[in-house]
Amino acid sequence: MFEPESTKTSPGEKRYIYSFAGGCADGDASMKNLLGGKGANLAEMAIIGLPVPPGFTISTAVCTWFYDHQKTFPENLFERDIPKALGNIEGVLGKRFGDPENPLLLSVRSGARTSMPGMMDTILNLGLNTDTVEGLARKSGNPRFAWDCYRRFVQMYGDVVLDLKPSDKKQIDPFEAILEAKKHELGIKLDTGFSVEDLKDLVSRYKVAILEKTGRTFPEDPCEQLLGAIGAVFNSWNNERAIVYRRLNHIPDYWGTACNIQAMVFGNMGSDSGTGVAFTRDAANGDNIFYGEFLMNAQGEDVVAGIRTPLKIEQLKQDNPKIYAQLDDIRSILEKHYRDMMDIEFTIESNRLFMLQCRVGKRTGMAAIKIAVDMVKEGLIDENEAIMRIEPEQLNQLLRPVFDLKEKQVAIGEGRLLATGLNAGPGAATGRICFNAADAADVFKQGEAVILVRIETSPEDIRGMAVSEGVLTERGGMTSHAALVARQMGKVCVVGCGALSIDYQKGELRVEGNDLVLRDGDYLSIDGTTGEVIAGKVPTRNPEIIEVLIDKTLKPEDAPIWALYNQLMEWADRCRKLSIRTNADQPDQAENAISFGAEGIGLCRTEHMFFGGDKIDAMREMILADDIEGRKAALDKLLPVQREDFYGLFKAMGSRPVTIRLLDPPLHEFLPHTVSEIEALAGKIGKSVEAVTARIDDLHECNPMLGLRGCRLGILHPEIPAMQVRAIIEAACRMKHEGHEVVPEIMVPLVSTVKELEVTSEIIHKTARDVIAAQGIDIRYLVGTMIEVPRAALTSAAIARAADFFSYGTNDLTQMGLGMSRDDSGQFLPAYQQQEIFDCSPFESIDIDGVGRMLDISVQEGRSVKPDLKLGICGEQGGDPATIEFCHKTGLNYVSCSPFRVPIARLAAARAALQC
Ligand code: PEP
Ligand code: MG
C-alpha cells in the first residue's frame with residue numbers, strides 16, 4: 001500500500017515531493033502555493049477517497065530552485081526522492097516504471113497556484129520505448145492502442161522537451177508534416193485508419209526527424225525521459241505565452257509552477273474507455289444541473305481539440321448508467337466538500353472511473369449570483385460568503401446591454417474589429433454613425449439606433465448623447481466630459497480611441513492601418529466594457545434587471561434573475577457600513593439611481609443642469625457678459641430655470657439628502673468653438689459675432705482646468721452663487737410648502753484655502769437668510785466643501801472649522817496630485833499601464849499611496865476638529881470596488897457614483913465591511 005511517510009525527507013531537510021494515492025496524501029487543498037492548484041486538489045481528492053490515479057507533486061519550491069541555480073535540481077531529488085515516490089505508485093498499481101512486461105506510464109503536467117490554461121507544457125505516456133511498448137501491447141491485448149500511444153508520446157516529447165514545436169503558426173510542426181504525408185500515401189483522412197505497421201513506421205520516421213533536427217537520438221531510457229520532461233515543465237514557466245499571461249493576469253514571476261507526475265490512465269483503450277470534462281453546475285447560467293461533455297475511446301486532448309464532437313453528459317447516463325451514477329455521486333461529494341461549483345476532468349479506463357483534476361469552476365456573473373444565492377438556500381454557505389463569492393464588477397454583466405457573444409466573435413473573425421479605446425461606459429451598443437447632435441436627433445426620430453461619434457464632446461453634444469445608444473470619441477480620458485456624462489446617463493461609451501480619424505466635413509471615419517472608410521449612417525458597434533470598436537451591426541440585448549428597474553417593462557414577479565439580484569442586494573445592504581449616493585443632475589438620473597438603491601445625491605454638478613435645450617445659451621450669455629449688469633440680466637433668466645431644476649431633483653429624491661455644488665464650469669467646456677456655433681450664439685443673445693469672438697478671446701485661458709473655475713468664479717462674481725443659492729432655497733421652500741422637508745447640502749468647489757470657503761459661505765448665508773425671511777419658511781441647510789485641491793487636503797483642520805461636510809473630488813485631486821491632466825491622460829495612460837508604471841488608471845481606481853494618503857491626512861485633520869464631520873467621495877473613483885474598500889477603511893460616511901454603478905458600490909461596500 002501507499003505510504004506517505006516514505007517520501008518524507010529527514011528532519012530539517014526541505015521537502016520537495018508530496019505523494020498522493022487512494023485515501024491518503026501528503027498535501028491538501030490548502031497548500032496551493034506549494035503544490036499548485038492542480039497538485040493541491042489532487043491531494044485533496046485522494047484524501048476524500050475519490051478515485052485519483054496515484055502520483056506525486058514536485059513543489060513550486062523546486063521551480064524556484066531550478067531558476068535560482070542555473071536550471072539544475074536540488075540534491076537528492078533525482079537520486080533519492082523521485083525514485084521513492086515512483087516506488088509508491090509502483091506499489092499501489094503493481095506495475096514498474098520501465099518494466100518491459102508490465103510498464104508503468106506517467107503523465108507529467110505543470111500546475112501553478114492559479115490556473116494558466118494551456119500556457120505551460122504537459123507530456124503524456126512517458127515511459128514508453130521500443131521494449132515497453134511491446135509490454136503495453138501484450139498487457140492491454142491491444143497492439144494498435146500501444147503503438148498509437150507510443151506515436152503520440154514521441155511526437156509530444158519531440159515537440160515539448162526537444163523543442164521542435166514551431167514557434168509561430170506559419171511554420172509546420174515536423175511531426176504533423178510526417179503524419180500528413182503518411183495519410184496522403186495511404187489515401188486516408190483520419191488517424192483511425194492507421195494499422196499497427198503504419199504506426200510503427202510513423203514512430204521510426206519521427207525518430208529520424210528528431211535525430212536530423214536535434215543531432216540527438218530519442219531517449220529510450222525512461223529515467224532520462226522523466227528528467228527531460230520535468231525540466232521542460234519548469235522551463236515552460238518562462239515561455240513567452242506564460243510570461244504574457246502572467247503580465248495580463250498580474251501573476252508574479254516568483255510563484256513558479258509545480259510539476260505533477262501521475263500514473264497514466266487511458267481513455268482510448270477501447271469502447272469501454274473514454275474521457276470528459278464537466279461542471280458541477282451550469283457555468284453559464286448557474287442552474288443546478290450536471291453540465292459536461294465526454295467522448296468514448298479518446299484522450300483528453302481529443303475533447304479539447306474539437307476533432308470529434310463530444311457528447312452531452314446525459315448521454316452517459318444512458319450509455320453507462322453505472323459510471324454516470326458514480327460521477328454524479330462524485331459531483332455531490334465535491335460540492336459538499338468544497339462548498340462551491342467545481343470544474344472536473346475524468347477518464348474512464350476499461351469501465352473504471354478516474355478523477356484527473358478538480359478546481360473551483362469559472363463562471364459568468366449571472367452564474368456567480370445564482371450559484372451563491374442557491375448555495376445559501378441549500379445551506380452550503382452563509383450570506384456573507386455569498387457576498388464574498390461575487391466580484392462587484394461581475395454585476396455589470398447583469399446590468400448592461402451585452403453583445404451576442406457568438407455574433408461578436410464572427411464580426412472579429414471577419415476582421416471588423418477596427419480599434420480599441422478606453423472602456424469608459426460599460427455595455428454594448430450598435431447603431432448608425434452620427435457625427436453631430438442634430439443628425440443624432442433626426443436618426444433617432446426615424447426610430448433608428450444611433451452611435452454618436454465625436455472627436456471630443458462639448459455641451460452641444462448632450463442632446464445627441466441623450467438619444468444615442470453609445471458614444472465614441474477620438475480624444476479624452478476616463479474622466480473627460482464625454483466619459484463622465486455618458487456614465488451618468490448610463491450610456492455605453494468608448495473614449496480616447498486615438499486610432500480613429502474623424503472628418504466632420506466629409507462625414508467620414510477612418511482608422512489607422514485600415515483602408516475602410518465609414519460614413520454618416522453606416523452601422524458601427526462599440527463595446528464599452530472592453531473598449532472595442534467594431535464595424536457593422538452586432539446584435540445586443542437588454543438584461544432583465546434593467547427591464548424591471550429602469551424600463552419598467554417587466555414585473556418583478558416575472559423576473560427570476562431580478563429576484564436573485566434583489567436577494568443579494570438585501571444581504572449586501574445588511575452588512576455594509578458605507579452609504580451609497582449617486583452623482584446626478586437630472587431627475588431621470590436620480591430616479592434611475594434610486595431604483596438601483598441610491599440613498600442620496602452626493603454630487604449635483606449644477607453646470608451640467610444647463611446642458612440640453614436652450615439653457616446653455618443663457619449660461620453662455622452669463623459667462624460672456626461684459627459687466628455686472630449684463631451678468632445680472634443673464635442670471636435673471638437662469639434663476640427660474642435653476643429653481644425648477646432643483647425642485648425637480650428634490651422631488652425625485654424625496655427625503656433623501658441632496659448635495660448641490662455651486663457652479664464649477666471649466667471655461668473650455670462651455671464656450672462655443674466653431675464659427676457656426678459662435679454665429680448662432682451671437683444671434684440668440686443679440687450681440688455681434690465680432691463682440692462675442694472678442695469676449696471669447698478675452699476669456700481665453702492657457703490652462704482652463706486651473707483657471708477661473710470653482711469658488712474663484714463666485715468670489716469674483718458673487719451674484720452667480722447668490723442666484724444659485726436663491727434657487728436652491730426657494731425650491732426647498734416650495735417642497736416644504738408641499739409638506740416635504742429637505743435639507744439642501746450646498747457645496748463649494750475647488751477650495752484651496754479656508755478663506756475662500758469663508759468668503760463664499762458669507763454669500764451663501766446672506767442669500768439664504770434673505771430668502772428665508774422673504775418666504776417666511778424656515779429651511780435648514782448645510783454648507784460644505786469639495787476637497788479636491790492638494791492644499792485643501794493638507795489644511796483640512798482649518799477648512800473643517802468652516803464646513804459642515806467634506807466631499808472628496810478625487811478627479812481633480814488626482815489631476816493635481818499627480819500633475820496629470822484628466823482630459824489628456826488618454827494619450828499616455830494606456831502606455832503607462834502596458835509598461836506597468838500604473839496597474840490601472842488613477843482616474844478609475846484611487847492611487848492609494850499618493851492621493852489616498854492626502855485623503856487620509858484630510859480625514860484625520862477634519863475629524864480632529866469636528867469628530868462628526870460628514871465625509872464622502874464624489875470623484876469617478878467612488879464607484880470602483882478597490883476605492884470603496886479604501887473609503888471604508890478610511891472611515892468615510894458615503895461614496896457617490898454614477899447611477900448604474902450604484903449596485904456595484906453596494907456590493908463592494910458590503911465586501912469591504914466583511915473583509916476589514
Ligand atoms: C472631482 O474633481 O472629483 C469632481 C467630482 O469634480 P469634477 O469632476 O466636476 O471636476
Ligand atoms: Mg472637480
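Keep in mind the model is a prediction, meaning the values are calculated, not measured. Both ligands and their constituent atoms are indexed starting at 1 by order of listing.
- Remark: among candidates Gln815, Gln877, Arg605, Glu607, the nearest residue to atom 9 (O) of ligand 1 is Arg605, based on non-hydrogen atoms.
- Considering just the N/O/S atoms of Asp812, the one nearest the Mg ion (ligand 2) carries the name OD2.
- Between Asp573 and Arg906 there is a salt bridge, since at least one side-chain N of the basic residue sits less than 4.0 Å from a carboxylate O of the acidic one.
- Annotation: cation-pi geometry not satisfied between Arg822 and Phe843 (NZ/CZ under 6.0 angstrom from ring centroid, within 45° of ring axis).
- With salt bridges taken as basic N to acidic carboxylate O contacts below 4.0 Å, none links Lys766 and Glu762.
- Close N/O approach between Tyr808 and ligand 1 is not found [any backbone or side-chain N/O within under 3.5 Å].
- Checking Glu788 against the Mg ion (ligand 2), an N/O/S atom falls under the 2.8 Å cut-off.
- Atoms of ligand 1 found under 4.0 Å from any heavy atom of Glu788, numbered from 1 in the order shown, are 1 (C), 2 (O), 4 (C), 6 (O).
- Using a cutoff of 4.0 Å between basic side-chain nitrogens and carboxylate oxygens, Lys684 and Glu621 are not scored as salt-bridged.
- Every atom of ligand 1 with a heavy atom of Met786 under 4.0 Å away is listed here by number and element: 4 (C), 5 (C), 6 (O).
- Of the options Thr582, Ile580, Ile904, Leu549, a side-chain contact (heavy atoms from CB on, under 4.5 Å) to Phe596 is made by Leu549 and by none of the others.
- Geometric assessment of Arg400 against the ring of Phe900 yields a positive cation-pi assignment under the 6.0 Å and 45° thresholds.
- Using a 4.0 angstrom heavy-atom cutoff, Arg822 counts as in contact with ligand 1.
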Next on the checklist: Please evaluate residues Thr530 and Asn423 with respect to the criterion side chain to side chain donor-acceptor pair (under 3.5 Å), reporting the C-alpha separation (whole Å), side-chain torsions for both, the decisive distance (0.1 Å), and the verdict.
Outcome noted: CA-CA 5 Å; Thr530 59; Asn423 49 346; over 6 Å; no
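- Per-residue contacts place Gly809 under 4.0 angstrom from the following atoms of ligand 1 (heavy atoms of the residue considered): 1 (C), 2 (O), 3 (O).
- Contact annotation for Arg709 and ligand 1: only side-chain heavy atoms (C-beta onward) come within less than 4.0 Å of the ligand.
- For the pair Asp664 and ligand 1, the shortest N or O to N or O distance does not fall below 3.5 Å.
- In Asn811, the parts holding a heavy atom less than 4.0 Å from any atom of ligand 1 are both the side chain and the backbone.
- When non-hydrogen atoms are compared, ligand 1 lies under 4.0 Å from the side chain of Leu603 (C-beta onward) but not from its backbone.
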Please walk me through it: do Gln724 and Gln642 pass side chain to side chain donor-acceptor pair (under 3.5 Å)? CA-CA 7 Å; Gln724 290 202 289; Gln642 281 266 271; 2.9 Å; yes
